[in-house]
Each structure stands twice: as structure tokens, then as C-alpha cells.
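Just so you know, these numbers come straight off a predicted model, no measurement behind them. Atoms within each ligand, like the ligands themselves, are counted from 1 in listed order.
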Amino acid sequence: MRTSAEKPYDVLVVGGGIIGLVTAWRAAQRGLRTALADPEPGGGAAQVAAGMLAAVTELHYGEQTLLGLNLASARRYPDFVAELQEASGQDTGYRACGTLAVALDADDRAHLRELHALQRQSGLESEWLTGRECRRLEPMLAPGVRGGLRVDGDHQIDPRRLAAALLTACGRAGVVLHRTRAERLTVVRERAAGALLADGTRIAADQVVLAAGSFSGRLAGVPEEALPPVRPVKGQVLRLTVPPAYAPFLSRTVRAVVRGSQVYLVPRANGELVVGATSEELGWDTTVTAGGVYELLRDAHELVPGITELPLTETRAGLRPGSPDNAPLLGPTLLPGLVLATGHHRNGVLLTPVTGDVLATVLTTGKLPDEARAFSPRRFAPAASLPVRQEQPA
Ligand code: GLY
């Protein structure tokens with residue numbers, strides 16, 4: 001067994017998806033000696049995700065607390081992108097293009113009207129448009145579109161470019177990459193103290209951040225009461241190409257709920273058109289299925305009939321890290337020294353900037369900032385394992 005360094009790192013990040021990378025980058029910027037372990041840093045769900053920054057159009061009843069964090073992250077995006085592009089010298093494909101959510105039938109229209117009411121109650125900006133107004137904005141929409149919601153604040157980024165830029169920024173900030181899997185958490189005197197890697201290297205670290213997406217609940221050595229309750233939620237996604245002669249095919253993200261399933265079309269500036277996504281609870285399966293591709297194309301075709309003319313260039317499936325309440329787990333666990341940054345479910349790309357900032361605070365001060373209090377992993381800890389609070393006499 002090899003030991004990588006005499007002196008322990010300040011931080012070891014387990015998992016090199018966009019959440020692990022942003023955590024490592026921010027930690028290194030704060031002067032912490034940081035290592036990261038992942039067999040394919042920059043891989044993971046970001047290689048599949050469409051990259052919508054959809055705080056407003058993906059609002060759901062009962063998720064108002066999550067909305068606050070989503071909006072905080074959306075507000076940070078322009079400055080975050082500018083800083084990351086400067087630090088990495090790479091473009092991230094950020095596009096402030098807005099979103100149009102449309103309805104194809106009376107049921108969809110009723111659903112969108114409810115979403116509009118919820119957005120207004122929540123103080124969010126969105127505008128109801130008639131079908132004709134929708135088609136004036138996006139002429140490729142189907143003639144049957146019955147109405148829609150224009151949300152000018154929901155933008156997009158290219159998650160593959162985001163991951164690549166974060167990887168470069170990590171390297172430039174001095175993060176040490178171990179291109180291998182973390183196999184087992186090291187626990188010394190009831191404290192996380194590093195990890196044993198699959199290549200036999202033992203990394204010692206004062207703090208360990210578990211940021212391994214849907215795999216975060218599977219790291220050996222993590223005590224039961226600190227293990228994050230995340231599960232994989234499969235998403236199949238298609239990539240098409242808009243030939244220059246067809247451009248501009250769509251000028252903003254277009255989405256709808258068709259027969260109860262979400263479908264969205266995200267047009268990149270470089271001509272890529274991303275169509276997503278299924279949502280399937282099938283364990284660790286990442287097979288692209290004929291049924292998944294068929295349903296996405298069928299629903300996307302109902303929205304924008306012209307897509308059948310476009311070359312289909314890629315089909316892929318990834319795993320969202322789902323949590324019991326669809327919100328992330330951020331901050332210290334019941335095991336001292338073990339910190340979580342996982343469970344981002346449908347919002348990993350959107351929540352990348354705020355996660356980096358929250359984790360930087362946690363790693364340098366040991367405290368969760370107020371904006372992340374509601375996302376402490378302790379909300380899922382078995383009551384028996386929580387420290388008993390001593391009531392002070394009045
Ligand atoms: N936020 C989009 C998705 O998870 O499909």
C-alpha cells in the first residue's frame with residue numbers, strides 16, 4: 001500500500017463530476033491543499049445533461065425552499081461563468097436565451113396555467129402567451145400549440161464545456177488529481193481521515209467531501225448514519241444537429257409536458273440541439289432503449305415537427321442523484337470530517353455555482369451558511385443518532 005504524501009491534504013474530494021470539481025476549485029482558491037479522486041474527472045451526469053438553468057420553469061409545488069437555492073445559484077451564473085472562463089481560458093457555452101414552455105392540448109394548458117399561478121405567487125417573472133404569440137417567437141413550433149409561458153430568466157449552459165473548464169481551473173489552482181476510484185473511506189478515531197483508492201494509494205486528508213453523484217451512497221467505510229440517501233434516476237437524452245441552412249431552428253429552450261412526461265429542446269449556439277429527458281427509476285441501468293428514444297422523438301416531434309429533418313447524432317443515458325425530497329445534501333454529516341455535496345437530482349448544473357460557494361464556507365469555517373441550512377444532510381439522519389440538545393432552564 002502506498003501513501004501519497006507525508007502531510008495530509010486539507011481536503012479530499014471523492015467524485016470529479018461538476019459538483020466535485022467546483023468544490024475542489026473553490027477549496028483550492030481558498031488556500032486549502034486539495035486532492036480529488038475520480039477515474040474520469042469531468043465525466044458523469046454532466047456528459048449527458050442538457051444544461052438548462054430552469055429555476056422558474058422547473059418549479060414544483062412543495063419545493064419553495066429549493067426554489068430559493070435555485071434562484072440564488074441562477075443569479076450567480078453570469079459572474080461565475082465570467083470567472084471560470086477567465087481562470088480556465090475556455091468557453092462554457094453559457095447562453096442567456098430564455099425559455100418558452102408551451103401547451104399542446106387543454107390538459108397541458110391547465111397544467112401551465114397552474115404553474116403560472118405558482119410562479120406569480122412565488123414572485124417570479126413569467127408571461128402568458130397565446131399560441132399565435134408563441135409561434136411568432138418560435139416559428140418552428142407546431143400549429144396546434146395552445147399557449148405558453150415565456151420565461152426570459154431561464155437560460156442554458158453546455159455541461160460538457162462547463163466540466164472541461166472546471167477541470168482546467170482545478171489544475172491551474174493546484175488541485176491534485178488522482179485518476180482512480182475511491183474505494184473506502186478511512187476513519188480514524190471516529191473521524192473521516194482520507195480514503196483508500198482503487199490503485200492502492202492511501203490519501204490522508206483532514207476533511208473528505210463525498211461528491212460522487214448517484215454513487216455517493218456506495219462508498220465503503222461510511223458509517224450507516226452518515227451515508228447519503230441518494231438513488232439513481234435515469235435520464236435518456238438525444239443530440240441532434242441543426243445544419244447551417246436550417247438555422248436559427250429555435251432561438252431559446254422550448255419545453256412542454258406531453259402525456260405527463262417532460263420534453264425539452266435546448267438549442268446551442270454551435271448548432272447542437274439537445275432533446276431530453278426520460279425520468280426512470282431503474283437502478284444503475286444506463287441502457288439507451290428504443291422506447292426511450294421513440295418517446296422523446298414522438299413528443300419532441302409533436303412540439304416541433306421539423307426535427308425529423310435533422311441528423312440524430314447521439315443518444316445517451318445518465319443517472320441523476322435523486323434524494324428523498326429532490327433537494328441536495330450539503331455540508332457536514334454526523335461523522336466529523338465527512339462533508340456531503342450530492343443529491344442534486346434535476347438541478348446539478350443549475351446549483352453548481354452556489355454549491356461551490358457553500359462548500360468553500362463549510363470547508364474553511366466548519367459551518368453551513370444560512371442559505372444552505374435547509375439542505376443539511378442531518379435532515380435525513382435517524383433521530384436516534386442525532387446529538388441530544390440540552391435545554392437551558394428559563
Ligand atoms: N433538469 C432537467 C432534467 O433533469 O431532466
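- Connectivity analysis of hydrophobic side chains (ILVMFWY, heavy atoms under 4.5 Å, direct or indirect) links L112 to V56, L59, Y61, L67, L71, L115, L118, L124, W128, L149, V151.
- No side-chain donor from either of R252 and Q156 sits under 3.5 Å from a side-chain acceptor of the other.
- Atom-to-atom distance recorded for L185:CG and L219:CG is 5.5 Å, nearest 0.5 angstrom.
- Between the side chains of Q236 and E295, no donor-acceptor pair is found at a separation under 3.5 Å.
- Listed by chain and number, residues touching ligand 1 at under 4.0 Å (heavy atoms only) are M52, E58, Y264, A277, R320, R346.
- Considering only heavy atoms from C-beta on, L210 stays 4.5 Å or farther from T342 through its side chain.
- Classification of the Y94-H155 ring pair by plane angle, with boundaries at 30° and 60°, yields perpendicular.
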